[in-house]
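Just below is one structure, and these are the notes that go with it.
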Amino acid sequence: MEMPSLRMSARDESSLRDDETFAMNKAKLMSEPNPDRLFFELPPRGIAPKEFVNTHFGPQSGAKNLQFRKGTTTLAFIYEPKTEADKGGIIIAVDSRASAGEYISSKSVMKILDISDNMVATMAGGAADCQFWTRIVAKYCSLYELREKSEITVSAASKYFANVLYGYRGMGLSVGSMVAGYDKRGPAIFKVDSEGTRVSLRLCSVGSGSLSAYGVLDAFYQPQMTDEEARALGRRAIMHATYRDAGSGGVCNLVHITPTEKIRLPSVDVSELLYEFANEIGRDIAYEPQED
Amino acid sequence: MTLSMDNPMAVMNAFKSAMSQVRADPPWRDAARKHGDRWNPYSFEGGSTAAIAGEDFVVVGSDTRMSQFEVNVMFREAEKIHVLNDSIILTTSGFYGDVLQLKRVLESRLHKYRFDYRTDMTVDLCAEMLARNLYYKRFFPYYTGAILAGIDEKGRGAVFSYDPIGCIERLQYSASGAAEPMIIPFFDCQVGQVTVSKETEKPALTLERAISLVKDAFRVAAERETSTGDKIHLVVAAHGKPIHQEFLLLRED
(Lines give C-alpha, C1' and ligand atoms only; values in the text may rest on other atoms or scores of the structure.)
Protein backbone atom coordinates (compact mmCIF):
# COMPACT_ATOMS: atom_id res chain seq x y z
CA MET A 1 0.00 0.00 0.00
CA GLU A 2 1.27 3.40 -0.91
CA MET A 3 1.49 5.93 1.87
CA PRO A 4 0.49 9.49 1.09
CA SER A 5 3.61 11.58 0.75
CA LEU A 6 4.22 14.14 3.46
CA ARG A 7 6.97 15.86 1.50
CA MET A 8 6.14 19.05 -0.22
CA SER A 9 6.82 19.45 -3.92
CA ALA A 10 9.94 21.34 -4.98
CA ARG A 11 7.87 24.26 -6.17
CA ASP A 12 6.17 24.63 -2.80
CA GLU A 13 9.50 24.55 -1.05
CA SER A 14 11.05 27.28 -3.16
CA SER A 15 8.07 29.57 -2.78
CA LEU A 16 8.24 28.99 0.95
CA ARG A 17 11.87 30.08 0.96
CA ASP A 18 10.92 33.32 -0.76
CA ASP A 19 8.50 34.17 1.98
CA GLU A 20 10.73 32.88 4.72
CA THR A 21 11.33 36.21 6.44
CA PHE A 22 7.67 37.03 6.51
CA ALA A 23 6.74 33.52 7.61
CA MET A 24 9.34 33.59 10.35
CA ASN A 25 7.96 36.80 11.79
CA LYS A 26 4.44 35.46 11.68
CA ALA A 27 5.43 32.09 13.09
CA LYS A 28 6.97 33.84 16.05
CA LEU A 29 3.54 35.00 17.09
CA MET A 30 1.47 32.05 16.02
CA SER A 31 3.48 28.99 16.97
CA GLU A 32 6.54 27.71 18.74
CA PRO A 33 9.72 28.33 16.76
CA ASN A 34 11.46 25.31 15.30
CA PRO A 35 13.45 24.05 18.29
CA ASP A 36 16.49 23.30 16.14
CA ARG A 37 16.65 26.89 15.00
CA LEU A 38 15.64 28.89 18.05
CA PHE A 39 15.10 32.45 17.05
CA PHE A 40 15.70 35.21 19.54
CA GLU A 41 14.71 38.69 18.57
CA LEU A 42 17.62 41.08 18.96
CA PRO A 43 17.55 44.83 19.59
CA PRO A 44 17.52 46.77 16.31
CA ARG A 45 20.36 48.81 14.75
CA GLY A 46 23.01 46.32 15.79
CA ILE A 47 22.78 47.34 19.44
CA ALA A 48 24.62 44.74 21.50
CA PRO A 49 22.06 42.71 23.49
CA LYS A 50 24.22 42.43 26.59
CA GLU A 51 24.67 46.18 26.95
CA PHE A 52 21.08 46.85 25.97
CA VAL A 53 19.64 44.49 28.58
CA ASN A 54 22.04 45.80 31.21
CA THR A 55 21.10 49.41 30.44
CA HIS A 56 17.39 48.84 30.82
CA PHE A 57 17.15 45.98 33.33
CA GLY A 58 20.46 46.15 35.21
CA PRO A 59 21.11 47.46 38.72
CA GLN A 60 21.71 51.02 37.42
CA SER A 61 18.46 51.14 35.46
CA GLY A 62 15.31 52.64 36.86
CA ALA A 63 13.56 49.26 36.63
CA LYS A 64 13.48 48.58 40.34
CA ASN A 65 10.86 45.82 40.25
CA LEU A 66 11.69 44.55 36.80
CA GLN A 67 15.17 43.20 37.37
CA PHE A 68 15.79 39.59 36.51
CA ARG A 69 15.62 37.01 39.23
CA LYS A 70 18.97 35.69 40.32
CA GLY A 71 19.85 32.45 42.07
CA THR A 72 22.48 31.92 44.75
CA THR A 73 23.88 29.01 46.81
CA THR A 74 23.99 25.53 45.33
CA LEU A 75 26.22 22.61 46.17
CA ALA A 76 26.72 18.99 45.21
CA PHE A 77 29.09 16.22 46.22
CA ILE A 78 29.72 12.55 45.59
CA TYR A 79 30.29 10.18 48.48
CA GLU A 80 30.67 6.48 49.03
CA PRO A 81 28.56 4.47 51.48
CA LYS A 82 30.14 3.85 54.86
CA THR A 83 28.13 0.78 55.85
CA GLU A 84 26.14 -1.91 54.08
CA ALA A 85 22.90 -0.15 54.92
CA ASP A 86 23.83 3.06 53.11
CA LYS A 87 23.29 3.75 49.45
CA GLY A 88 25.89 6.39 48.67
CA GLY A 89 25.68 8.49 45.53
CA ILE A 90 25.30 12.22 45.09
CA ILE A 91 23.86 14.85 47.39
CA ILE A 92 22.59 18.03 45.78
CA ALA A 93 21.52 20.79 48.17
CA VAL A 94 20.36 24.30 47.35
CA ASP A 95 18.73 27.33 48.95
CA SER A 96 15.51 28.83 47.59
CA ARG A 97 15.94 32.60 47.40
CA ALA A 98 15.53 34.59 44.21
CA SER A 99 16.41 38.25 44.42
CA ALA A 100 15.62 40.97 41.92
CA GLY A 101 18.12 43.62 42.89
CA GLU A 102 17.77 44.08 46.65
CA TYR A 103 14.21 42.81 46.72
CA ILE A 104 13.59 39.14 47.49
CA SER A 105 11.25 38.36 44.65
CA SER A 106 10.73 34.76 45.73
CA LYS A 107 11.62 32.71 48.79
CA SER A 108 10.47 29.36 47.45
CA VAL A 109 12.30 28.79 44.17
CA MET A 110 13.07 25.18 43.26
CA LYS A 111 16.68 25.38 42.13
CA ILE A 112 17.13 21.68 41.42
CA LEU A 113 15.74 21.08 37.95
CA ASP A 114 15.15 17.64 36.47
CA ILE A 115 17.02 16.67 33.34
CA SER A 116 16.27 12.96 33.21
CA ASP A 117 15.24 10.13 35.56
CA ASN A 118 18.62 10.08 37.26
CA MET A 119 20.07 13.46 36.43
CA VAL A 120 19.46 16.97 37.72
CA ALA A 121 20.84 20.42 37.06
CA THR A 122 21.16 23.15 39.67
CA MET A 123 20.30 26.75 39.10
CA ALA A 124 22.59 29.68 39.88
CA GLY A 125 22.84 32.98 38.06
CA GLY A 126 19.92 34.12 35.93
CA ALA A 127 16.87 32.09 36.95
CA ALA A 128 15.13 32.32 33.59
CA ASP A 129 18.33 31.42 31.72
CA CYS A 130 18.75 28.29 33.83
CA GLN A 131 15.12 27.23 33.58
CA PHE A 132 14.96 27.68 29.82
CA TRP A 133 18.26 26.06 28.86
CA THR A 134 17.85 23.19 31.31
CA ARG A 135 14.61 22.40 29.51
CA ILE A 136 16.45 22.40 26.20
CA VAL A 137 19.03 19.99 27.63
CA ALA A 138 16.29 17.79 29.10
CA LYS A 139 14.65 17.61 25.71
CA TYR A 140 17.96 16.69 24.09
CA CYS A 141 18.44 13.91 26.67
CA SER A 142 14.96 12.46 26.09
CA LEU A 143 15.47 12.47 22.34
CA TYR A 144 18.93 10.93 22.75
CA GLU A 145 17.45 8.14 24.84
CA LEU A 146 14.75 7.42 22.27
CA ARG A 147 17.22 7.53 19.40
CA GLU A 148 20.10 5.57 20.91
CA LYS A 149 17.99 3.27 23.09
CA SER A 150 20.36 3.86 26.00
CA GLU A 151 20.58 6.46 28.72
CA ILE A 152 22.72 9.49 28.07
CA THR A 153 25.79 9.94 30.26
CA VAL A 154 26.13 12.93 32.54
CA SER A 155 29.28 13.79 30.64
CA ALA A 156 27.47 13.95 27.30
CA ALA A 157 24.52 15.90 28.67
CA SER A 158 26.78 18.46 30.33
CA LYS A 159 28.87 18.78 27.19
CA TYR A 160 25.76 19.53 25.15
CA PHE A 161 24.76 22.09 27.78
CA ALA A 162 28.20 23.72 27.71
CA ASN A 163 28.23 23.82 23.91
CA VAL A 164 24.83 25.47 23.77
CA LEU A 165 25.90 28.07 26.31
CA TYR A 166 29.17 28.65 24.46
CA GLY A 167 27.15 29.36 21.35
CA TYR A 168 25.54 32.30 23.14
CA ARG A 169 28.79 33.59 24.67
CA GLY A 170 29.01 37.34 24.98
CA MET A 171 25.26 37.73 24.69
CA GLY A 172 24.90 38.25 28.43
CA LEU A 173 23.53 34.90 29.56
CA SER A 174 24.27 34.16 33.19
CA VAL A 175 24.25 30.48 34.09
CA GLY A 176 26.24 28.61 36.73
CA SER A 177 24.91 25.12 36.77
CA MET A 178 25.97 21.77 38.10
CA VAL A 179 24.80 18.79 36.13
CA ALA A 180 24.78 15.84 38.51
CA GLY A 181 23.62 12.30 38.05
CA TYR A 182 24.26 8.60 37.95
CA ASP A 183 24.95 6.83 34.70
CA LYS A 184 26.65 3.65 33.49
CA ARG A 185 30.03 5.11 34.46
CA GLY A 186 28.92 5.83 38.03
CA PRO A 187 28.21 9.11 39.77
CA ALA A 188 29.34 12.36 38.15
CA ILE A 189 29.09 16.10 38.72
CA PHE A 190 29.92 18.60 36.00
CA LYS A 191 30.06 22.31 36.65
CA VAL A 192 28.93 24.19 33.57
CA ASP A 193 28.75 27.95 33.18
CA SER A 194 27.72 30.53 30.64
CA GLU A 195 31.33 31.30 29.69
CA GLY A 196 31.62 27.77 28.36
CA THR A 197 33.49 26.17 31.27
CA ARG A 198 32.82 22.50 31.91
CA VAL A 199 34.72 20.67 34.64
CA SER A 200 34.18 17.33 36.34
CA LEU A 201 34.30 17.55 40.12
CA ARG A 202 33.50 15.38 43.12
CA LEU A 203 32.68 18.27 45.41
CA CYS A 204 31.36 21.52 44.05
CA SER A 205 29.50 24.67 45.05
CA VAL A 206 28.26 27.55 42.89
CA GLY A 207 26.78 30.94 43.69
CA SER A 208 27.34 33.93 45.94
CA GLY A 209 27.11 31.76 49.05
CA SER A 210 29.50 29.16 47.68
CA LEU A 211 32.42 30.46 49.75
CA SER A 212 30.66 29.73 53.01
CA ALA A 213 29.37 26.43 51.67
CA TYR A 214 32.89 25.40 50.63
CA GLY A 215 34.13 26.25 54.12
CA VAL A 216 31.74 23.78 55.70
CA LEU A 217 32.08 21.18 52.97
CA ASP A 218 35.89 21.19 52.99
CA ALA A 219 35.97 20.94 56.79
CA PHE A 220 33.48 18.09 57.18
CA TYR A 221 33.42 16.19 53.87
CA GLN A 222 34.67 12.62 53.97
CA PRO A 223 34.87 10.28 50.99
CA GLN A 224 32.88 7.72 52.95
CA MET A 225 29.77 8.74 54.86
CA THR A 226 26.47 7.30 55.93
CA ASP A 227 23.42 8.60 54.07
CA GLU A 228 22.31 10.51 57.15
CA GLU A 229 25.71 12.17 57.57
CA ALA A 230 25.82 13.15 53.92
CA ARG A 231 22.35 14.70 53.91
CA ALA A 232 23.08 16.53 57.17
CA LEU A 233 26.32 17.86 55.69
CA GLY A 234 24.50 19.19 52.63
CA ARG A 235 21.89 20.93 54.76
CA ARG A 236 24.45 22.30 57.17
CA ALA A 237 26.56 23.80 54.39
CA ILE A 238 23.50 25.48 52.91
CA MET A 239 22.49 26.73 56.34
CA HIS A 240 25.88 28.35 56.94
CA ALA A 241 25.82 29.88 53.46
CA THR A 242 22.39 31.42 54.03
CA TYR A 243 23.56 32.73 57.39
CA ARG A 244 26.53 34.66 56.00
CA ASP A 245 25.31 35.49 52.49
CA ALA A 246 22.52 38.02 52.13
CA GLY A 247 21.74 36.68 48.68
CA SER A 248 20.85 33.20 49.97
CA GLY A 249 17.99 32.08 52.13
CA GLY A 250 14.55 30.54 52.34
CA VAL A 251 14.35 26.78 52.57
CA CYS A 252 16.92 24.08 51.86
CA ASN A 253 15.92 21.72 49.07
CA LEU A 254 17.84 18.48 48.86
CA VAL A 255 18.03 15.72 46.28
CA HIS A 256 19.82 12.44 46.87
CA ILE A 257 20.69 10.47 43.75
CA THR A 258 21.53 6.86 44.61
CA PRO A 259 22.74 4.29 42.07
CA THR A 260 19.13 3.21 41.56
CA GLU A 261 16.84 6.15 42.25
CA LYS A 262 16.46 9.88 42.66
CA ILE A 263 15.07 10.90 46.04
CA ARG A 264 13.63 14.39 46.49
CA LEU A 265 13.69 15.12 50.21
CA PRO A 266 11.19 17.51 51.79
CA SER A 267 12.38 21.09 52.04
CA VAL A 268 13.50 22.40 55.42
CA ASP A 269 13.36 26.03 56.51
CA VAL A 270 16.94 27.25 57.01
CA SER A 271 16.06 29.07 60.24
CA GLU A 272 14.99 25.69 61.68
CA LEU A 273 18.37 24.31 60.65
CA LEU A 274 20.00 27.29 62.31
CA TYR A 275 18.17 26.69 65.61
CA GLU A 276 19.07 23.01 65.38
CA PHE A 277 22.71 23.96 65.00
CA ALA A 278 22.53 26.49 67.83
CA ASN A 279 21.10 23.77 70.09
CA GLU A 280 23.84 21.40 69.07
CA ILE A 281 26.66 23.78 69.99
CA GLY A 282 24.74 24.94 73.07
CA ARG A 283 24.81 28.67 72.32
CA ASP A 284 23.64 31.18 69.76
CA ILE A 285 25.59 31.05 66.52
CA ALA A 286 26.30 34.79 66.59
CA TYR A 287 29.37 35.95 68.46
CA GLU A 288 28.38 37.93 71.51
CA PRO A 289 31.20 39.19 73.72
CA GLN A 290 30.73 38.29 77.37
CA GLU A 291 31.23 40.91 80.04
CA ASP A 292 32.88 39.67 83.19
CA MET B 1 46.12 57.69 -3.94
CA THR B 2 44.98 55.92 -7.02
CA LEU B 3 45.75 52.27 -7.51
CA SER B 4 45.83 50.58 -10.82
CA MET B 5 45.35 46.90 -11.38
CA ASP B 6 48.86 46.78 -12.90
CA ASN B 7 50.24 46.06 -9.46
CA PRO B 8 47.92 43.60 -7.75
CA MET B 9 50.13 43.28 -4.68
CA ALA B 10 49.84 47.01 -3.94
CA VAL B 11 46.08 46.79 -4.33
CA MET B 12 45.99 43.84 -1.96
CA ASN B 13 48.18 45.56 0.65
CA ALA B 14 46.11 48.72 0.50
CA PHE B 15 42.99 46.65 0.94
CA LYS B 16 44.47 44.80 3.91
CA SER B 17 45.56 47.96 5.70
CA ALA B 18 42.18 49.55 5.09
CA MET B 19 40.50 46.46 6.51
CA SER B 20 42.64 46.41 9.64
CA GLN B 21 42.00 50.11 10.15
CA VAL B 22 38.27 49.63 9.86
CA ARG B 23 38.36 46.62 12.16
CA ALA B 24 40.26 48.54 14.83
CA ASP B 25 38.04 51.58 14.64
CA PRO B 26 34.84 51.02 12.67
CA PRO B 27 33.50 54.41 11.61
CA TRP B 28 29.90 53.31 12.14
CA ARG B 29 30.49 51.88 15.53
CA ASP B 30 30.87 54.96 17.69
CA ALA B 31 27.82 56.65 16.28
CA ALA B 32 25.77 53.48 16.59
CA ARG B 33 27.05 52.89 20.10
CA LYS B 34 26.19 56.41 21.15
CA HIS B 35 22.82 56.18 19.54
CA GLY B 36 22.28 52.70 20.99
CA ASP B 37 23.01 53.89 24.49
CA ARG B 38 20.46 56.65 24.16
CA TRP B 39 17.90 54.55 22.36
CA ASN B 40 15.25 53.64 24.89
CA PRO B 41 12.20 51.87 23.53
CA TYR B 42 10.69 51.45 26.98
CA SER B 43 8.70 53.55 29.36
CA PHE B 44 7.18 52.58 32.66
CA GLU B 45 3.53 53.41 33.13
CA GLY B 46 3.38 52.37 36.76
CA GLY B 47 0.49 50.59 38.36
CA SER B 48 0.37 47.31 40.22
CA THR B 49 -1.33 43.95 39.95
CA ALA B 50 -1.86 41.13 42.42
CA ALA B 51 -3.42 37.68 42.54
CA ILE B 52 -4.37 35.14 45.21
CA ALA B 53 -5.18 31.51 44.52
CA GLY B 54 -7.46 29.50 46.77
CA GLU B 55 -8.70 25.93 46.89
CA ASP B 56 -11.09 26.31 43.94
CA PHE B 57 -10.91 29.99 43.07
CA VAL B 58 -8.55 32.74 42.10
CA VAL B 59 -8.86 36.45 42.79
CA VAL B 60 -6.99 38.89 40.57
CA GLY B 61 -6.76 42.61 41.13
CA SER B 62 -5.06 45.58 39.55
CA ASP B 63 -5.36 49.32 39.57
CA THR B 64 -6.27 51.16 36.37
CA ARG B 65 -3.96 54.14 36.54
CA MET B 66 -1.52 54.84 33.75
CA SER B 67 1.11 57.38 34.62
CA GLN B 68 4.14 58.90 32.98
CA PHE B 69 7.51 59.64 34.61
CA GLU B 70 5.96 58.53 37.94
CA VAL B 71 4.17 61.88 38.30
CA ASN B 72 1.90 62.66 35.39
CA VAL B 73 -1.39 60.76 35.34
CA MET B 74 -2.14 60.08 31.69
CA PHE B 75 -5.20 57.87 31.89
CA ARG B 76 -7.37 56.54 34.67
CA GLU B 77 -8.99 53.59 32.96
CA ALA B 78 -6.10 51.53 31.58
CA GLU B 79 -7.00 47.90 32.04
CA LYS B 80 -4.12 45.70 33.06
CA ILE B 81 -6.13 42.51 33.56
CA HIS B 82 -7.01 40.57 30.45
CA VAL B 83 -9.36 37.62 30.54
CA LEU B 84 -7.94 35.30 27.87
CA ASN B 85 -10.51 32.51 28.10
CA ASP B 86 -12.91 30.92 30.61
CA SER B 87 -10.07 29.76 32.84
CA ILE B 88 -7.07 31.99 32.10
CA ILE B 89 -6.47 35.54 33.28
CA LEU B 90 -3.35 37.49 32.36
CA THR B 91 -2.42 40.47 34.45
CA THR B 92 0.63 42.51 33.58
CA SER B 93 2.28 45.66 34.80
CA GLY B 94 5.12 47.57 33.21
CA PHE B 95 5.44 49.16 29.79
CA TYR B 96 1.87 49.34 28.47
CA GLY B 97 2.93 48.81 24.86
CA ASP B 98 4.56 45.52 25.80
CA VAL B 99 1.58 44.66 28.01
CA LEU B 100 -0.71 44.93 25.01
CA GLN B 101 1.69 43.13 22.68
CA LEU B 102 2.09 40.27 25.15
CA LYS B 103 -1.66 40.01 25.44
CA ARG B 104 -2.02 39.95 21.64
CA VAL B 105 0.63 37.24 21.29
CA LEU B 106 -1.02 35.05 23.91
CA GLU B 107 -4.48 35.64 22.45
CA SER B 108 -3.36 34.63 18.98
CA ARG B 109 -1.62 31.54 20.35
CA LEU B 110 -4.71 30.55 22.34
CA HIS B 111 -6.82 31.12 19.24
CA LYS B 112 -4.57 28.84 17.21
CA TYR B 113 -4.63 26.21 19.95
CA ARG B 114 -8.41 26.28 19.97
CA PHE B 115 -8.42 25.94 16.18
CA ASP B 116 -5.96 23.02 16.26
CA TYR B 117 -7.29 21.06 19.25
CA ARG B 118 -10.91 22.17 19.43
CA THR B 119 -10.64 22.86 23.12
CA ASP B 120 -9.51 25.74 25.27
CA MET B 121 -5.96 25.72 26.54
CA THR B 122 -5.57 25.03 30.26
CA VAL B 123 -3.81 27.50 32.51
CA ASP B 124 -0.87 25.12 33.15
CA LEU B 125 -0.09 24.91 29.44
CA CYS B 126 -0.57 28.62 28.95
CA ALA B 127 1.78 29.28 31.86
CA GLU B 128 4.61 27.34 30.22
CA MET B 129 3.87 28.96 26.90
CA LEU B 130 4.04 32.43 28.41
CA ALA B 131 7.38 31.60 30.05
CA ARG B 132 8.81 30.53 26.70
CA ASN B 133 7.40 33.51 24.86
CA LEU B 134 8.96 35.84 27.40
CA TYR B 135 12.28 34.05 27.03
CA TYR B 136 12.25 34.23 23.23
CA LYS B 137 12.69 37.97 23.81
CA ARG B 138 15.66 37.35 26.12
CA PHE B 139 17.91 39.81 24.28
CA PHE B 140 15.24 42.47 23.71
CA PRO B 141 12.90 41.75 26.60
CA TYR B 142 9.33 42.73 27.22
CA TYR B 143 9.38 45.40 29.92
CA THR B 144 6.70 43.65 31.93
CA GLY B 145 6.04 41.85 35.17
CA ALA B 146 3.45 39.26 34.25
CA ILE B 147 1.17 37.17 36.43
CA LEU B 148 -0.94 34.42 34.96
CA ALA B 149 -3.89 33.24 37.02
CA GLY B 150 -6.67 30.79 36.44
CA ILE B 151 -8.40 27.56 37.32
CA ASP B 152 -6.30 24.50 36.48
CA GLU B 153 -7.39 21.11 35.13
CA LYS B 154 -8.15 19.81 38.60
CA GLY B 155 -10.33 22.80 39.44
CA ARG B 156 -7.82 24.43 41.77
CA GLY B 157 -6.83 28.07 41.72
CA ALA B 158 -3.45 28.70 40.12
CA VAL B 159 -1.17 31.73 40.14
CA PHE B 160 2.05 31.82 38.10
CA SER B 161 4.54 34.60 38.58
CA TYR B 162 7.20 35.68 36.08
CA ASP B 163 10.18 37.94 35.82
CA PRO B 164 10.58 40.00 32.61
CA ILE B 165 12.39 37.16 30.80
CA GLY B 166 10.21 34.27 31.83
CA CYS B 167 11.47 32.79 35.08
CA ILE B 168 8.29 30.95 36.06
CA GLU B 169 7.07 29.89 39.47
CA ARG B 170 3.71 28.63 40.67
CA LEU B 171 2.73 30.35 43.90
CA GLN B 172 -0.27 30.81 46.14
CA TYR B 173 -0.14 34.58 45.80
CA SER B 174 1.85 37.06 43.81
CA ALA B 175 2.05 40.73 42.93
CA SER B 176 3.94 42.77 40.39
CA GLY B 177 4.44 46.38 39.47
CA ALA B 178 5.29 49.52 41.37
CA ALA B 179 3.65 48.46 44.62
CA GLU B 180 4.93 44.88 44.61
CA PRO B 181 7.26 45.50 47.57
CA MET B 182 4.24 46.75 49.56
CA ILE B 183 1.65 44.20 48.56
CA ILE B 184 3.76 41.06 48.92
CA PRO B 185 4.65 41.62 52.60
CA PHE B 186 0.95 42.25 53.26
CA PHE B 187 0.06 38.95 51.59
CA ASP B 188 2.93 37.18 53.36
CA CYS B 189 1.37 38.28 56.61
CA GLN B 190 -2.30 37.69 55.78
CA VAL B 191 -2.25 34.76 53.34
CA GLY B 192 1.14 33.11 53.86
CA GLN B 193 0.81 33.61 57.65
CA VAL B 194 4.58 33.80 58.02
CA THR B 195 4.43 35.83 61.23
CA VAL B 196 2.54 33.33 63.36
CA SER B 197 3.94 30.14 64.82
CA LYS B 198 3.17 26.77 63.28
CA GLU B 199 0.95 25.71 66.17
CA THR B 200 -1.36 28.71 65.89
CA GLU B 201 -4.69 28.05 64.25
CA LYS B 202 -4.93 30.00 61.02
CA PRO B 203 -8.08 31.34 59.39
CA ALA B 204 -9.07 29.44 56.26
CA LEU B 205 -8.69 31.32 52.98
CA THR B 206 -12.25 31.67 51.76
CA LEU B 207 -13.27 33.46 48.58
CA GLU B 208 -14.72 36.37 50.59
CA ARG B 209 -11.51 36.75 52.57
CA ALA B 210 -9.36 36.62 49.44
CA ILE B 211 -11.47 39.29 47.76
CA SER B 212 -11.28 41.62 50.74
CA LEU B 213 -7.53 41.03 51.03
CA VAL B 214 -6.98 42.03 47.40
CA LYS B 215 -9.14 45.12 47.88
CA ASP B 216 -7.24 46.04 51.04
CA ALA B 217 -3.90 45.50 49.30
CA PHE B 218 -4.74 48.09 46.67
CA ARG B 219 -6.25 50.49 49.14
CA VAL B 220 -3.09 50.52 51.23
CA ALA B 221 -0.90 50.68 48.13
CA ALA B 222 -2.88 53.68 46.82
CA GLU B 223 -2.23 55.45 50.11
CA ARG B 224 1.56 55.25 49.79
CA GLU B 225 2.44 54.67 46.16
CA THR B 226 2.13 57.45 43.60
CA SER B 227 1.52 55.40 40.47
CA THR B 228 -1.23 53.22 41.98
CA GLY B 229 -4.76 54.52 42.22
CA ASP B 230 -8.04 55.50 40.54
CA LYS B 231 -9.84 52.16 40.38
CA ILE B 232 -9.46 48.55 41.41
CA HIS B 233 -10.17 46.16 38.61
CA LEU B 234 -11.21 42.96 40.37
CA VAL B 235 -11.59 39.68 38.51
CA VAL B 236 -12.79 36.55 40.28
CA ALA B 237 -12.69 33.08 38.75
CA ALA B 238 -14.19 30.15 40.62
CA HIS B 239 -14.36 26.53 39.56
CA GLY B 240 -17.52 25.85 37.56
CA LYS B 241 -18.62 29.50 37.51
CA PRO B 242 -18.25 32.20 34.89
CA ILE B 243 -15.54 34.79 35.45
CA HIS B 244 -16.83 37.78 37.38
CA GLN B 245 -15.42 41.27 36.89
CA GLU B 246 -16.00 44.49 38.74
CA PHE B 247 -14.51 47.95 39.21
CA LEU B 248 -14.23 49.62 42.58
CA LEU B 249 -13.28 53.20 43.24
CA LEU B 250 -9.90 53.96 44.72
CA ARG B 251 -8.16 57.15 45.73
CA GLU B 252 -7.69 59.42 42.75
CA ASP B 253 -4.91 61.59 44.16
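Naming convention: chains lettered A, B, ... in sequence-line order (proteins, then strands); numbering from 1 in each chain.
- Heavy atoms of A:V109 lying under 4.5 Å from chain B belong to its backbone as well as its side chain.
- Comparing B:S176, B:G177, B:A175, B:G94 by how many heavy-atom pairs each has under 4.5 Å with chain A, the most go to B:G177.
- Checked by atom type, the side-chain pair A:T72/A:K111 shows a donor-acceptor distance below 3.5 Å.
- Applying the salt bridge (charged side-chain N to carboxylate O under 4.0 Å, His left out) test to pairs two or more places apart or on separate chains, those with a residue in residues 120-131 of chain A are A:D129-B:R138.
- With a 4.5 angstrom heavy-atom cutoff, B:E128 touches chain A only via side-chain atoms.
- For an aromatic pair to be called close, the ring centres must be under 6.0 Å apart, and B:Y173 with B:F186 fails this.
- B:Y135 touches chain A through backbone and side chain together, each having a heavy atom under 4.5 Å away.
- For B:Y162, the part lying near chain A is the backbone, with the side chain staying farther off; criterion is any non-hydrogen pair under 4.5 Å.
- With a 4.5 angstrom heavy-atom cutoff, A:K50 does not touch chain B via any of its atoms.
- Heavy atoms of B:I168 lying under 4.5 Å from chain A belong to its backbone as well as its side chain.
- A side-chain donor from one of B:E169 and A:S108 sits under 3.5 Å from a side-chain acceptor of the other.
- Of the N and O atoms on the side chains of A:R198 and A:S158, at least one donor lies less than 3.5 Å from an acceptor on the other residue.
- Neither the backbone nor the side chain of A:I104 comes within contact range of chain B, judged by heavy atoms closer than 4.5 Å.
- Using cut-offs of 30° and 60° on the angle between ring planes, the pair A:F132 and B:Y136 is perpendicular.
- Interface remark: B:S174 contributes no atoms to any contact with chain A (heavy atom separation under 4.5 Å).
- With a 4.5 angstrom heavy-atom cutoff, A:F40 touches chain B via backbone and side-chain atoms both.
- Looking at B:D116 and B:R109, no side-chain N of the basic residue comes within less than 4.0 Å of a carboxylate O on the acidic one, giving no salt bridge.
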